[in-house]
Amino acid sequence: MASPTRALPFDPKRDADYVFYELTRSICPECRRVIDAKILIRDNKVYMRKRCPDHGPFEALVYSDAALYTSSSKFNKPGTIPLEFSSRVESGCPHDCGLCPDHQQHACLGIIEVNSACDMACPLCFAEAGPGFSLALEEVENILDHYVRAEGNPQVVQFSGGEPSIHPQIIPMMKAAQARGIPNVMLNTNGKRISEDDGFLAELAQITPSIYFQFDGFSSETYRIIRGEPDILPKKLRALDRLAQIGCTVILVPAIERGVNDHEIGEIVRFGMGHPAVKGINFQPAFHTGRHSAHDPLQRITNPDVIRCIEEQTKRLFRATDFIPVPCCFPTCNSVTYAYIDEQKNVTPLPRILNVDDYLDYITNRVMPDLGGEIRRALEGLWSSSAVLGSEKVAREFAFSCSACGLPDGGLDVKGLANFMFMIMLQDFMDPWTLNQKNLMKCCKEFLLPGGKQIPFCAYNSVGYREQAREQLMAQERRRVEARRVGVRYEIQPVTFSFPNDGTRDLVKLD
């Protein structure tokens with residue numbers, strides 16, 4: 001008879017050094033295989049840990065403020081269903097994008113990459129811009145028609161690339177969007193052509209698109225590391241001044257890399273508030289897909305890091321508490337604040353005088369009826385990826401919010417009020433190290449493709465959609481050129497996707 005096992009006089013067990021917060025799905029950064037992923041909290045930071053059977057374990061920093069991460073769930077707004085879907089549920093997320101009926105949000109922002117070529121060769125480029133394809137006007141019109149059918153009344157379309165300003169038909173493309181009643185047409189640009197091409201500037205003056213303007217800081221070292229052109233800043237400043245002359249609204253878009261330009265964040269804010277063309281800033285922590293330098297996934301910069309830099313470097317002109325998660329996407333992806341800047345340059349962030357938190361809390365749902373519901377709808381318009389500074393819709397929503405909290409109206413009309421608004425947004429995109437299926441299913445920023453496919457931003461850039469789309473668009477361009485050469489009609493071909501069914505796409509369980 002075996003002797004009974006006696007309890008030890010002390011407890012030798014130990015606790016893990018992390019809290020297991022949730023289980024989700026992600027991909028292997030090496031082979032893009034779908035695998036389980038744990039979300040862990042350690043030292044008030046949020047990490048993703050996952051293991052690929054072929055390539056081993058991976059861990060990456062997801063969010064540098066665990067308290068903010070866990071509390072943001074109350075801002076998760078119920079999704080809006082598009083009028084039509086372009087794909088079916090067959091293999092499961094993230095391989096059915098199109099959008100499929102399992103997707104939990106419509107497209108707040110549609111993005112059309114009109115070309116893959118660029119007049120820069122940035123070391124940091126998620127699109128890995130270079131020679132490849134250039135869409136024809138009829139292909140863009142096809143994309144826009146599908147977008148209108150899916151959305152009914154799409155609010156924003158952004159023309160991107162490559163560098164879209166060098167596309168010979170970019171002006172007719174933007175006019176085609178306006179002709180379809182899309183109120184906010186955006187041009188995503190590095191500003192080079194705007195700085196030197198008077199004819200192009202005159203054409204922009206006729207349609208006044210919103211300008212989504214690449215602007216990473218002020219030091220030559222910043223531009224050497226991120227853009228490969230240390231002397232480009234004077235061109236950017238000239239482009240901004242020329243855009244002010246023609247009345248275009250500009251959103252600065254700095255890509256922020258830890259240890260490179262995070263010390264310039266406050267200076268970018270002050271510059272933006274002082275420039276007549278700039279109405280807002282969209283800070284984007286660097287994400288590592290496409291073309292990028294070596295990086296440590298455990299040291300990546302995240303939205304809370306940028307918010308802390310804004311608070312510290314502006315001497316609390318903006319505080320961390322001024323930034324509220326954006327409810328239309330998954331709330332840890334975006335945060336934004338708006339400020340009223342009066343003629344004496346006093347800055348009043350809206351969340352300091354109106355408890356935005358109360359109105360955009362979808363869990364405890366404290367919103368009162370009557371005026372409360374109207375304020376919520378106005379704030380939902382502002383705290384949305386479809387909000388475009390300079391638009392009458394955003395100015396109207398800001399004005400209504402101000403009326404509820406006592407900001408001076410001064411007899412301003414809605415268009416006049418736009419001159420007193422300033423927005424700061426933070427957008428943290430996911431890469432193969434941090435891709436989270438939960439976030440992906442709520443994405444509201446979609447790449448729009450010929451034939452009607454809408455692919456969520458982070459899936460397009462991380463899962464393998466971009467590579468397939470680029471190959472097809474290059475082949476279609478060759479066929480289109482040949483059809484025109486021989487004088488026959490070219491039929492637009494839809495972009496489609498397939499993923500290997502050799503077991504690499506099956507869900508792999510964690511140990």
Side-chain angles (χ1 to χ4, degrees), residues 82-88 96-101 103 106-117 127 129 132-188 207 209 386 443-457 459-461 465-498:
L83 298 179
E84 68 177 32
F85 296 98
S86 297
S87 65
R88 296 176 297 181
D96 289 334
C97 292
L99 298 171
C100 84
H103 198 73
H106 76 123
C108 291
L109 169 65
I111 305 167
I112 302 175
E113 287 191 343
V114 299
N115 57 5
S116 60
F133 68 88
S134 183
L135 296 183
L137 177 59
E138 58 264 38
E139 289 175 308
V140 169
E141 291 174 332
N142 172 273
I143 291 170
L144 291 168
D145 289 339
H146 280 286
Y147 188 34
V148 170
R149 284 200 292 273
E151 285 294 307
N153 57 344
Q155 292 298 303
V156 191
V157 65
Q158 181 184 107
F159 289 91
S160 188
E163 171 52 47
S165 70
I166 66 175
H167 194 295
Q169 293 182 298
I170 187 60
I171 295 295
M173 288 172 175
M174 290 192 286
K175 287 181 177 179
Q178 291 180 333
R180 284 159 175 78
I182 301 175
N184 301 301
V185 176
M186 302 180 74
L187 179 66
N188 184 355
I207 58 177
S386 66
C443 181
C444 62
K445 301 168 187 67
E446 324 294 347
F447 284 95
L448 310 179
L449 295 164
K453 292 287 189 184
Q454 300 184 10
I455 313 300
F457 187 99
Y460 193 76
N461 290 310
Y465 287 96
R466 173 178 291 282
E467 296 84 348
Q468 293 188 51
R470 187 165 182 161
E471 183 178 347
Q472 292 176 62
L473 292 171
M474 289 170 63
Q476 289 177 24
E477 182 170 5
R478 290 192 295 270
R479 289 194 292 269
R480 186 177 69 246
V481 170
E482 177 62 17
R484 288 176 175 170
R485 187 185 69 81
V486 299
V488 300
R489 178 181 174 82
Y490 171 73
E491 297 291 338
I492 295 172
Q493 301 298 310
V495 175
T496 60
F497 300 96
S498 64

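Index from 1, following the sequence.
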TODO: Using the ring pair (Phe, Tyr, Trp, His ring centres under 6.0 Å) rule, pick out the option among Tyr465, Phe497, Phe447 that qualifies with Tyr460.
DONE: Phe447
Open item on the list: I need the Glu138 CD to Glu491 CD distance, nearest 0.5 Å.
Closed with: 10.5 Å
Task: Any side-chain heavy-atom pair of Leu109 and Cys444 under 4.5 Å - done: no
- [ ] For Val157 and Ala177, work out which heavy atoms get closest and say how close.
- [x] CG1-CB, 3.8 Å
- [ ] Nearest 0.5 Å please: distance from the CD atom of Glu84 over to the CD atom of Glu151.
- [x] 10.0 Å
Task: Asp96 vs Arg88, side chain to side chain contact (heavy atoms under 4.5 Å, CB included): CA-CA, chis, key distance, verdict - done: CA-CA 7 Å; Asp96 289 334; Arg88 296 176 297 181; over 6 Å; no
- [ ] For the pair Gln158 (side chain) and Met186 (backbone), establish whether a donor and an acceptor sit closer than 3.5 Å, ignoring hydrogens and angles.
- [x] no
- [ ] Would you name the heavy atoms of Ile170 and Ser165 that are closest together and state the gap between them?
- [x] CG2-O, 4.0 Å
Task: Heavy-atom check, side chain of Gln169 versus side chain of Val114, under 4.5 Å - done: no
TODO: Could you tell me which non-hydrogen atom of Gln472 sits nearest to which non-hydrogen atom of Pro494, and how far apart they are?
DONE: OE1-O, 4.0 Å
Open item on the list: side chain to side chain contact (heavy atoms under 4.5 Å, CB included), that's the test. Do Gln468 and Ser498 meet it? Break it down for me.
Closed with: CA-CA 8 Å; Gln468 293 188 51; Ser498 64; 4.2 Å; yes
Task: Arg480 side, atom CZ; Gln493 side, atom CD - distance, nearest 0.5 Å - done: 11.5 Å
Open item on the list: Apply side chain to side chain contact (heavy atoms under 4.5 Å, CB included) to residues Ile182 and Tyr147 and explain how you reach the verdict.
Closed with: CA-CA 10 Å; Ile182 301 175; Tyr147 188 34; 4.1 Å; yes
- [ ] Kindly indicate whether the side chain of Leu473, heavy atoms from C-beta on, has any atom under 4.5 Å from the side chain of Pro450.
- [x] yes
Task: Shortest non-hydrogen contact from Cys97 toward Pro456 - done: SG-CD, 3.7 Å
Task: Glu471 atom CD: more than 12 heavy-atom contacts under 6.0 Å - done: no
Task: Distance, nearest 0.5 Å, that separates NE2 of His146 from CG of Leu448 - done: 10.5 Å
TODO: Check whether any side-chain heavy atom of Asn188 lies under 4.5 Å from a side-chain heavy atom of Ile111, and answer yes or no.
DONE: no
Open item on the list: So which atom in Tyr490 and which in Ala483 form the shortest heavy-atom distance, rounded to 0.1 Å?
Closed with: CB-CB, 3.9 Å
Task: Candidate pair Gln155 and Cys108, rule side chain to side chain contact (heavy atoms under 4.5 Å, CB included), full reasoning - done: CA-CA 7 Å; Gln155 292 298 303; Cys108 291; over 6 Å; no
Open item on the list: Working to the nearest 0.5 angstrom, can you tell me the gap between Leu187 CG and Phe159 CZ?
Closed with: 9.0 Å
Open item on the list: With heavy-atom distances below 4.5 Å as the criterion, would you say the side chains of His103 and Cys443 are in contact?
Closed with: yes
- [ ] Give the intermediate values and the outcome of salt bridge (charged side-chain N to carboxylate O under 4.0 Å, His left out) for residues Glu482 and Arg485.
- [x] CA-CA 5 Å; Glu482 177 62 17; Arg485 187 185 69 81; 2.7 Å; yes
Open item on the list: Once rounded to the nearest 0.5 Å, what's the spacing between atom CZ of Arg180 and atom CG of Asn153?
Closed with: 15.5 Å
- [ ] Taking Gln178 for its side chain and Ile207 for its backbone only, find out whether a donor-acceptor pair lies under 3.5 Å.
- [x] yes
Task: Donor-acceptor under 3.5 Å (Asn461 side chain, Ala127 main chain) - done: no
Task: Where Arg470 and Ala129 come nearest, the two heavy atoms and their spacing - done: NH2-C, 4.4 Å
